[in-house]
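Heads up: the structure comes next, in structure tokens.
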Protein chains: 2
Amino acid sequence: MPKSAVPVSATALPSPFRNKAEREQDRADKRAAVLLAAVRMFNARGYHAASLDDVAASLGVSKPTIYHYLGNKEQVLVECVNRGLSMLRDAADAAARAPGSGHDRLRAFLLRYACINMDDFGRCVIRTNEELLSMDSAIQFRARKREIDDAVRGMIAEGIADGSIAPVDIRFASFALAGALNWPARWHDPDGPMSPAEVAEKLVDIALGGLTPRG
Amino acid sequence: MPKSAVPVSATALPSPFRNKAEREQDRADKRAAVLLAAVRMFNARGYHAASLDDVAASLGVSKPTIYHYLGNKEQVLVECVNRGLSMLRDAADAAARAPGSGHDRLRAFLLRYACINMDDFGRCVIRTNEELLSMDSAIQFRARKREIDDAVRGMIAEGIADGSIAPVDIRFASFALAGALNWPARWHDPDGPMSPAEVAEKLVDIALGGLTPRG
DNA sequence: TAATCAATATACCCATGGGTAAATAAAATA
DNA sequence: TATTTTATTTACCCATGGGTATATTGATTA
């Protein structure tokens with residue numbers, strides 16, 4: 001065994017001296033931590049009642065630190081909402097590429113949708129009303145939510161076309177599904193006995209019942 | 001025609017001099033006007049973003065006038081919420097006394113429920129999160145909402161017993177229905193083309209589809 | 001007519017909290 | 001070693017808005 005092979009484990013030891021890539025990672029980690037603390041505070045108290053001082057205190061830092069990693073309060077909220085929307089968007093894309101009938105794909109998507117809505121950032125999407133945002137942000141927000149809704153409507157339409165879904169009013173079916181699966185963002189307790197996945201399955205089964213063709 | 005009959009119309013003329021009953025009525029009217037202005041402001045901007053100064057200004061009065069007719073800001077909100085809850089409660093009681101199968105009664109109630117949720121005070125019930133309230137008010141609020149939910153569950157149970165509703169999980173069925181029918185409080189536009197009654201009927205049909213026994 | 005009460009306004013107090021300027025310390029780079 | 005950059009703090013500014021003390025006016029009642 002050549003001598004030069006030995007120091008590998010030594011150089012791999014955790015070092016307090018970070019190189020450039022590590023520093024960028026540190027920064028990203030801190031940014032993510034700020035965002036998570038903020039979204040939890042927003043969800044627990046509501047946007048207006050959650051102060052940045054409290055968010056900072058929950059991380060053991062001071063308020064300007066938040067401004068160092070993210071912009072002003074609205075930008076923090078927008079970033080939280082965008083995280084949630086991206087998760088939903090990814091789920092919709094995955095469902096669109098998945099095999100199976102329209103009903104199957106819709107069901108798979110809705111299970112994921114409901115789980116996201118019970119998670120930190122998804123919850124924030126549901127609980128954020130447009131009135132909280134500036135005009136520009138509200139327009140973008142609406143557009144991104146609309147994309148998700150269009151994906152749902154598309155899946156319903158395909159299901160109707162392939163006979164796996166009853167010929168319902170597509171617009172109202174998507175509203176009803178969204179309502180049923182958004183609502184847990186308000187009542188589900190993450191520390192309670194039921195996991196998001198369990199809740200999601202129960203709700204999706206009931207909500208989809210109304211769209212299933214009758215024997 | 002005796003002379004004494006003529007002055008009747010004269011004494012019935014609108015007079016600026018109000019008697020005691022009329023003064024009490026005036027007061028009640030003003031109180032109601034303040035409440036309506038407040039609930040609309042709360043619904044449009046959210047509780048925290050709606051200032052009492054603005055509510056007062058929208059009525060052409062000053063802030064202390066609000067304190068004269070109602071208490072502090074939280075009391076105004078509580079009163080708005082209670083109005084909405086009373087409407088829902090009345091609807092639940094009426095449905096419980098109505099004839100027909102469990103499914104019929106549930107359907108009639110849900111139509112009313114959905115409409116109330118699109119009205120000023122019902123909207124406020126949906127949009128008011130417990131975090132906005134003091135501990136005491138939140139406990140009362142939860143209890144009153146629970147009454148409504150219990151009524152829904154009772155109707156579902158009766159429907160299952162009489163065979164008009166499929167044997168679903170009662171708890172989750174009530175959650176799913178509530179979600180689907182609460183959601184319009186967020187998106188329905190009172191000035192839009194669809195009336196609350198139309199929206200209600202479409203949504204109830206789809207939402208109840210999942211609870212209907214299969215042929 | 002005097003005393004009281006109801007309705008309303010003006011003018012204020014003050015806590016909260018978003019946002020920033022400026023200082024410091026530590027590390028990275030030249 | 002000198003300079004710059006990054007991370008973070010302390011200390012502050014100031015607008016908003018809930019809430020109140022007090023004055024005013026006009027009607028009610030004794």
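The sequence lines fix the lettering, A, B, ..., with proteins before strands; numbering per chain opens at 1.
The CH2 atom of B:Trp187 sits 15.5 Å away from atom CG of A:Asn129, with the distance rounded to the nearest 0.5 Å.
At whole-Å resolution of the value, CZ in B:Arg31 and P in C:dT8 are 14 Å apart. Straight-line distance from the CG atom of A:Asp29 to the P atom of D:dA7: 12 Å, rounded to whole Å. C:dT20 atom P lies 14 Å from atom CG of A:Asp53, rounded to whole Å. Distance B:Gln75 CD to D:dG18 C1': 13 Å, rounded to the nearest Å. Atom-to-atom, CG of B:Leu59 to P of C:dA9 comes out at 10 Å; the value is rounded to the nearest Å. Distance CG (A:Leu52) to P (C:dT16): 16 Å, rounded to an integer number of Å. B:His48 has its NE2 atom 15 Å from the C1' atom of C:dA15, to the nearest Å. In this structure, the CE atom of B:Met41 is 11 Å from the P atom of D:dG18, given to the nearest Å.
Applying the 4.0 Å criterion to OP1 and OP2 of D:dA7, one finds that A:His68 has a side-chain N or O inside that range. Between B:Tyr69 and C:dT8 there is a side-chain N or O to OP1 or OP2 distance below 4.0 Å. Contact annotation: B:Thr65 reaches the phosphate of C:dA9 (side-chain N/O to OP1 or OP2, under 4.0 Å). Here A:Arg27 does not reach the OP1 or OP2 of D:dT6: none of its side-chain N or O atoms lies under 4.0 Å away.
For B:Lys63 against D:dG18, a side-chain N or O and a base N or O form a donor-acceptor pair under 3.5 Å.
Within the nucleic acid shown, A:Ala56 has no heavy atom closer than 4.0 Å to any nucleic acid atom. Within the 4.0 angstrom heavy-atom criterion, only backbone atoms of the sugar-phosphate kind lie near B:Ser51; the bases stay farther away.
Both tests pass for A:Arg153 against the ring of A:Phe175: distance under 6.0 Å to the centre and angle within 45° of the axis. Seen from the ring of A:Tyr47, A:Lys73 counts as a face-on cation partner, given the 6.0 Å and 45° thresholds.
Considering only the side chain of A:Pro64, D:dA11 comes nearest among D:dG17, C:dG19, D:dA11. Closest approach to the B:Lys73 side chain among D:dG18, C:dG18, D:dT8 is made by D:dG18 (side chain taken as heavy atoms from C-beta onward).
Under 3.5 Å, the side chains of B:Gln25 and B:Asp29 contain a donor-acceptor pair of N or O atoms.
Counting all heavy atoms, side chain and backbone alike, A:Lys145 lies closest to A:Leu85 at CG-CD2, 3.9 Å.
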